[in-house]
2 protein chains.
Amino acid sequence: MTRKRVTLRDVAAAAGVHASTVSRALDPRTRARVNAAVVQRVVEISERLGYRPNAAAYSLRTSRSRTIGVIVPDIENPIFPPMVRGVERTLLAHGYYAILGNTDGDQAREHMLVKGFTARGIDGLVLASVNREDRVARDAALGGTPVVTVNRRLDDPTVSSVVHMEDSGVLRALTHLVSLGHRRIAVIAGPQDTSTGAERLESFLRHRETLGIADDPRLIAFAGAYSEGEGERCLEELIVRRAPFTAIFCANDRLAIGALAALGRRNVACPGDVSVVGYNDMPMVDRIHPPLTTVRVQQYQMGVEAAAILLAMIDGAGEARHAVLPVELVIRGSTRALAAAEAG
Amino acid sequence: MTRKRVTLRDVAAAAGVHASTVSRALDPRTRARVNAAVVQRVVEISERLGYRPNAAAYSLRTSRSRTIGVIVPDIENPIFPPMVRGVERTLLAHGYYAILGNTDGDQAREHMLVKGFTARGIDGLVLASVNREDRVARDAALGGTPVVTVNRRLDDPTVSSVVHMEDSGVLRALTHLVSLGHRRIAVIAGPQDTSTGAERLESFLRHRETLGIADDPRLIAFAGAYSEGEGERCLEELIVRRAPFTAIFCANDRLAIGALAALGRRNVACPGDVSVVGYNDMPMVDRIHPPLTTVRVQQYQMGVEAAAILLAMIDGAGEARHAVLPVELVIRGSTRALAAAEAG
DNA sequence: CTGTTAGCGCTTTCAG
DNA sequence: CTGAAAGCGCTAACAG
C-alpha cells in the first residue's frame, strides 16, 4: 500500500536515459537542451509512473524551497484572512506555497517564527502588521531574506511594503463628517508605534484646521491596541472628559465596534446622538447595528501585491519596492447629518 | 552580509569532534549516548555559532518534514480562522509548521493542493469541510498519509475526524424554539453531501415528532451551499410556498444571515414576526441585528484536537481516531416567545 | 544533446 | 562513547 515514492532514477531507468537527462527534460527552463523525442518519452513515462519531484532534495540542492512564510498577528482577526488569501493564491499560481504563523503581536514570538521559518529555508517573508521599528523584520531583511510588509510599514524604507493611501482615507472620512455638519469630532487614535496609527492621526491633525474641525485635545483618545476593548475604554475616556462631540472617527473598525458597544451601554444612540466612522471595512461590519460607515481598504489586493513584490525580489529584483493602494469611503448607517439646531 | 549558513560540520570542527557526534549531541533522543561534557560543549558552540539545522537535509534524510498541510475551502470564511489557529498553535508547540491551502470548495483544486503538498513531503493533512465522499481525502489516507478531517467527516470511518455532537446541537435549538411556543418551524437545511448538512437535517426529522413540531414538507428548504446567498434564496422559497411558520432553524450562521437579510427586505420583523436560529456561533454574529441565537461549536478546540490526533498518527498510532466535541446553545435576540394568541 | 561526477547537510548503521 | 562511511534525491558543472 505504501508504494515507494518514484524517483528521478526510476523514471530514468524506465526511459533508458540518465537521471540528469530526466531532470533536464522535466525542467521547462532546460527542456530546450534535450532532444524533443526524449523529452516526450520522459514526460510520458514520468506521468505514467506518477513521478513527483522530492521537494527536500530540490531544496537541499538549490537552497530554494518555493515556500514563503506569512506571519500575521492573529489569523482570527478578520482583516487578515483576505490578505492571506491574496498571498496564497498569487503564490500558488507561481508554484510557491505559504507557511503560516501567528505572533499574537508578540515580538519574541515573531522572532521565533522567523527563525524557525528561516531554518526551513523559506525563500521570503510576508509580514503583516509590523510595528514601525520592527527589529525582526529589519534583521531578516538585512540578513538577505526577501521581506515585504503588508498593511503597515517600517519607518525604514529599505524594507518593501504594501500599504494604503492613509491620508486619502482620513480626508474622505473627515470630509464626509464635516459635510454632514459635524465640527466637534472626537478621535480614537490607533497605537502610535504602528504606521497606520501614526499616519492616520497625523492626517487628522493636518486636515483639522482646513476643514474647520474643533481643535480640542480632550477630543483625542489613544488606543493601546486595535481591539474592541480598547475602543470601549477610549470611548469612556472621551466621555469622562466632558468635552462634547457629535461624531467619532476611529482608527479602525474594531475600535469603532468597541465604541459602538460602549455607546450602546450608555444609551447614547448611534447615529441619533453621535455618528461613528471606522476604518478598514472588515467583513461583517455592514451587518452590525448600525451598519458601519468606514474606509474600505483592499485587503485581498494587498496580499496579491505583496506576493508579487516578493516573487520579484526572489527573482533578483534587488531594490525594495513600495506599493500604495487607493481607498474608498463606504457610507452606511452609523453616520447622519446633524440637524441645524444641533450644529455647534 | 549574506553570511554563509553554519552547518553541522562547522560546529563539529569548532568543537573538535565528528559531525555525527554533534548530531547526536543535539538530538534530545540520542543525547544520552554522548559524553555529558561533550554535549555541553557542543550545545554551547552551536549556540555561539548560531547553528540552525537545515530542514531540507533533515527532511531528505529522514523523509519527515515536520510540516503539515492544512486545507480549508476558504480562509475568508470566518469559521475557519479559529480552527486554523488551533491547529497552528498545537503544531508549533511540537515543532511542526502548517502550510495553508484554499480550495474554494473545488475538488480539483483540492486534489492539486494535496498533490503539491505531498510532493513536498508533508507529514500529514488536516482537511476542513470535506464532503461525505471525498475522493481526495480517501486517496490520501489510503496512500499512507495521516489525514484528519475537521468540522465534517467522511462517511468512511477509516479516516480520522474531529466533529461536533450534531444531534445535541439540533435538539437544543429545537427545544429552545418549542419552549418559546413555536410549532411551525421552517428549516433551511445545509448541503446534503456534507456530514453536517445531512446529520442536522436527520436530527431535525428525528426530533420533530417528539417535540410536537409541525410535519410539513413545505417547511424544509435545501441550500446548495453554506452561503448567505443560499440563505436568502431558501427564505424566498419558503415564503413562496405559503405555508406559515413562526421560526426558522438554519443549518448554519451564514444561511441564517442570508435569511435575516431576506426577511428584512420583505419587512418581516425578526424576532417580532419570526424567530431565527443559526448554527456555529461564528465571530460577529453577536453584533449583527438582531444578535443571532445560535449553536456554539468549538472551532478553535477542533483545530487543537485535530493537530493532536495527527501528531499521534504520525508517531505511529495506526488506528483512525474520532473526536466528537460538545456544543452549547447561545440565546440572543433573534428568538422570542410567541404570544399566546399567535400560538398555532 | 547526453552521461558522469560531485555534493547540498543531515542521520544512521556499523565498527571500534 | 565516538568516528567513518554511506546515502536520502536532486541539480549543476564538466566532459564527451
Side-chain angles (χ1 to χ4, degrees), chain A residues 2-43 45-46 49-67 95 118-123, chain B residues 2-43 45-46 49-67 95 118-123:
Chain A
T2 317
R3 40 188 170 282
K4 221 168 110 201
R5 262 168 130 290
V6 6
T7 76
L8 261 190
R9 268 195 168 71
D10 300 330
V11 178
V17 295
H18 192 268
S20 61
T21 303
V22 176
S23 173
R24 284 188 282 253
L26 260 27
D27 182 346
R29 274 201 335 270
T30 51
R31 182 168 295 168
R33 283 186 254 149
V34 176
N35 182 308
V38 173
V39 169
Q40 167 149 15
R41 193 164 79 247
V42 165
V43 167
I45 292 183
S46 81
L49 262 41
Y51 169 67
R52 313 259 95 219
N54 180 314
Y58 170 85
S59 178
L60 179 57
R61 184 61 235 247
T62 62
S63 59
R64 304 175 112 235
S65 61
R66 293 180 196 270
T67 301
T118 309
R120 57 188 39 212
I122 47 128
D123 296 338
Chain B
T2 318
R3 40 186 170 279
K4 219 165 111 202
R5 263 168 129 292
V6 10
T7 77
L8 214 46
R9 269 196 167 68
D10 300 330
V11 178
V17 294
H18 193 266
S20 61
T21 303
V22 176
S23 174
R24 283 188 280 256
L26 260 27
D27 182 345
R29 274 201 335 270
T30 51
R31 182 168 297 168
R33 282 186 255 148
V34 174
N35 182 309
V38 174
V39 169
Q40 167 148 16
R41 193 166 80 247
V42 166
V43 167
I45 291 182
S46 81
L49 262 42
Y51 169 67
R52 313 259 94 221
N54 180 313
Y58 170 87
S59 178
L60 179 56
R61 183 62 233 246
T62 62
S63 59
R64 302 174 116 236
S65 61
R66 293 180 196 270
T67 301
T118 309
R120 59 188 38 212
I122 46 128
D123 296 339

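Chain A is the first sequence line, chain B the second, and so forth, proteins listed ahead of strands; every chain is numbered from 1.
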Please tell me if [X] has a side-chain N or O lying less than 4.0 Å from either OP1 or OP2 of [N].
{"X": "A/Ser23", "N": "D/dC10", "value": "no"}
{"X": "A/Tyr51", "N": "D/dC10", "value": "yes"}
{"X": "A/Ser63", "N": "C/dC8", "value": "no"}
{"X": "A/His18", "N": "C/dT2", "value": "no"}

Rounded interatomic separation in angstrom, taking [atom1] from [X] and [atom2] from [N]:
{"X": "A/Arg33", "N": "C/dT2", "atom1": "CZ", "atom2": "P", "answer": "12 Å"}
{"X": "B/Leu60", "N": "C/dC10", "atom1": "CG", "atom2": "P", "answer": "12 Å"}
{"X": "A/Leu26", "N": "C/dT2", "atom1": "CG", "atom2": "P", "answer": "14 Å"}
{"X": "B/Arg64", "N": "C/dC10", "atom1": "CZ", "atom2": "P", "answer": "18 Å"}
{"X": "B/Leu8", "N": "C/dG7", "atom1": "CG", "atom2": "P", "answer": "18 Å"}
{"X": "B/Asp10", "N": "C/dG9", "atom1": "CG", "atom2": "C1'", "answer": "10 Å"}
{"X": "A/Asp27", "N": "C/dT2", "atom1": "CG", "atom2": "C1'", "answer": "16 Å"}
{"X": "A/Arg9", "N": "C/dT4", "atom1": "CZ", "atom2": "P", "answer": "11 Å"}

From the options [options], select the nucleotide whose nearest atom is closest to the side chain of [X].
{"X": "B/Arg24", "options": "C/dT12, C/dC8, C/dG3", "answer": "C/dT12"}
{"X": "A/Ala57", "options": "C/dC10, D/dT2, D/dG9", "answer": "D/dG9"}
{"X": "A/Thr7", "options": "D/dC10, C/dT2, C/dG9", "answer": "D/dC10"}

* **Along DNA chain D (nearest heavy atom to each residue), the more 5'-positioned of A/Ala55 and B/Thr21** =>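 Counting from the 5' end, the first nearest nucleotide belongs to B/Thr21.
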* On DNA chain D, check which nucleotide each of A/Ala19 and B/Thr62 is closest to and give me the residue with the more 5' one. =>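 Mapping each residue to its closest nucleotide by heavy atoms, the 5'-most match is B/Thr62.
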* Validation row: A/Asn54, B/Arg120 side chains within 4.5 angstrom (heavy atoms) ->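 No, their side chains stay 4.5 Å or more apart.
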* **Heavy-atom side-chain proximity of B/Leu26 to B/Tyr51 below 4.5 angstrom** =>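 They are in side-chain contact.
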* Using modelled atom types only, decide if a donor and an acceptor are shared between the side chain of A/Asp123 and the backbone of A/Arg66 within a distance under 3.5 Å. =>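 Yes, A/Asp123 side chain to A/Arg66 backbone: donor-acceptor pair under 3.5 Å.
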* Mark yes or no for whether A/Ser65, through its side chain, and A/Gly121, through its backbone, hold a donor-acceptor pair below 3.5 Å. =>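 Checking the backbone N and O of A/Gly121 against the side chain of A/Ser65, a donor-acceptor pair under 3.5 Å is found.
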* To do: Please step through side chain to side chain contact (heavy atoms under 4.5 Å, CB included) for the pair B/Val22 and B/Ser46, ending with a clear verdict.
  => CA-CA 9 Å; B/Val22 176; B/Ser46 81; 5.7 Å; no
* For B/Asn54 and for A/Ser20, find the nucleotide of DNA chain C with the closest heavy atom, then tell me which residue's nucleotide is more 5'. =>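 By nearest-heavy-atom nucleotide position, the 5'-most residue is A/Ser20.
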* **Side-chain donor/acceptor of B/Arg52 to base of C/dG9, under 3.5 Å** =>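 Side chain to base: no pair present.
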